[in-house]
Amino acid sequence: MKKEGMIKIRFVLSIGAIAAITAGCANNPLGGSTIHPAAARDYQELSGTWQLTRAVVNGRSVPESQLRKTILITDGNTFRFPKASGVGTHPAGTFTVNPNTRPKQVDSVGPGGPHAGQVTRGIYEILGANQYRACWSPPGAPRPTKFASTPGSGRILQYWKKTGPVPLQ
């Protein structure tokens, strides 16, 4: 795959992770508002170190070599990619979850990059104690309604596996 293609994949994966994280912020506004118990439970389950195991961007599968490099760390409603992950467009951000919809909704916002401050809308599903999936639309696009990324959709479908807790800083 050409270098331009790999950069585009990294960018798209970054947007997806940011979107997931941002969604959590809606349920945990600044100022200490009470978080709905279902949202608090999902934030707890989503906190940790995650390895991307499968991804489809705009209908195209992401190469295994890129999956192995993509690590996500979430802590409450914040996320970040370690420097070694190779995902550099949005190295950190916030997300908000809404577990009271079907499918569950997530929004994320990254502070940097070409889409800084824009909300990326997505859906998520916790598949077990150590796995979840998310599907993201491009910034400004309508939220996906199913877990699919077809050619021309611009959507990102991701499957994550927890590899450990949130590392100490």
Side-chain angles (χ1 to χ4, degrees), residues 7-30 33 35-36 38-57 62 66-99 103-141 143-144 147 149 155-169:
I7 291 171
K8 188 173 185 178
I9 288 172
R10 288 178 183 169
F11 171 74
V12 172
L13 291 173
S14 298
I15 293 294
I18 291 170
I21 294 172
T22 303
C25 295
N27 287 304
N28 188 12
L30 296 176
S33 297
I35 298 174
H36 189 278
R41 182 174 46 251
D42 281 4
Y43 284 122
Q44 179 68 30
E45 288 188 48
L46 292 170
S47 289
T49 301
W50 298 87
Q51 171 73 56
L52 188 63
T53 60
R54 180 175 165 233
V56 180
V57 176
V62 173
Q66 185 65 35
L67 297 176
R68 284 192 303 268
K69 293 183 204 177
T70 306
I71 304 295
L72 171 67
I73 298 171
T74 58
D75 188 1
N77 72 332
T78 65
F79 71 94
R80 62 187 166 95
F81 290 95
K83 290 180 184 177
S85 74
V87 180
T89 307
H90 295 286
T94 59
F95 67 100
T96 56
V97 298
N98 181 355
K104 295 178 179 184
Q105 297 178 351
V106 61
D107 293 328
S108 74
V109 174
H115 299 289
Q118 292 182 359
V119 175
T120 302
R121 292 170 181 82
I123 55 176
Y124 73 101
E125 179 180 27
I126 297 172
L127 301 171
N130 296 313
Q131 296 181 23
Y132 81 93
R133 66 180 176 168
C135 186
W136 303 98
S137 286
R143 185 182 312 279
F147 293 93
S149 172
R155 292 195 177 129
I156 304 163
L157 176 63
Q158 301 171 317
Y159 286 80
W160 298 91
K161 180 178 180 181
K162 188 179 275 188
T163 59
V166 176
L168 299 175
Q169 295 208 17

Tell me the closest heavy-atom pair linking [X] and [Y], and the distance in Å.
| X | Y | answer |
| --- | --- | --- |
| Y124 | P99 | OH-CB, 3.6 Å |
| T74 | V166 | O-CG2, 3.1 Å |
| G93 | P111 | CA-CD, 3.9 Å |

State which residues pass side chain to side chain contact (heavy atoms under 4.5 Å, CB included) with [X]; sequence neighbours excluded, sorted by chain then number.
| X | answer |
| --- | --- |
| K162 | W50, N130 |
| T49 | I71, I73, T163, P167 |
| P144 | I123, C135, S137, R155 |

Exercise. May I ask you to test the W160-T70 pair for a side-chain heavy-atom distance under 4.5 Å?
Key: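 When only atoms from C-beta onward are counted, T70 and W160 do touch, with a gap below 4.5 Å.
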Quiz item: Measuring from I35:CD1 to D42:CG, what's the distance to the nearest 0.5 Å?
Solution: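 I35 atom CD1 to D42 atom CG measures 11.5 Å (nearest 0.5 Å).
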Quiz prompt | Value rounded to 0.5 Å, distance of NE2 in H36 from CG in N98 | solution =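 Here the interatomic distance stands at 9.0 Å.
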Quiz item: Tell me, which pairs form a salt bridge (charged side-chain N to carboxylate O under 4.0 Å, His left out) where one or both residues lie in residues 125-136, sequence neighbours left out?
Solution: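 Counting only pairs at least two positions apart or across chains, the salt bridge (charged side-chain N to carboxylate O under 4.0 Å, His left out) contacts touching residues 125-136 are E125-R133.
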Quiz item: Any donor-acceptor pair under 3.5 Å linking the side chain of Q51 with the backbone of L67?
Solution: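 Checked: pair present.
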Quiz item: Which residue, T53, L52, V56, forms the side-chain contact (heavy atoms from CB on, under 4.5 Å) with Y159?
Solution: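 Exactly one pass, corresponding to T53.
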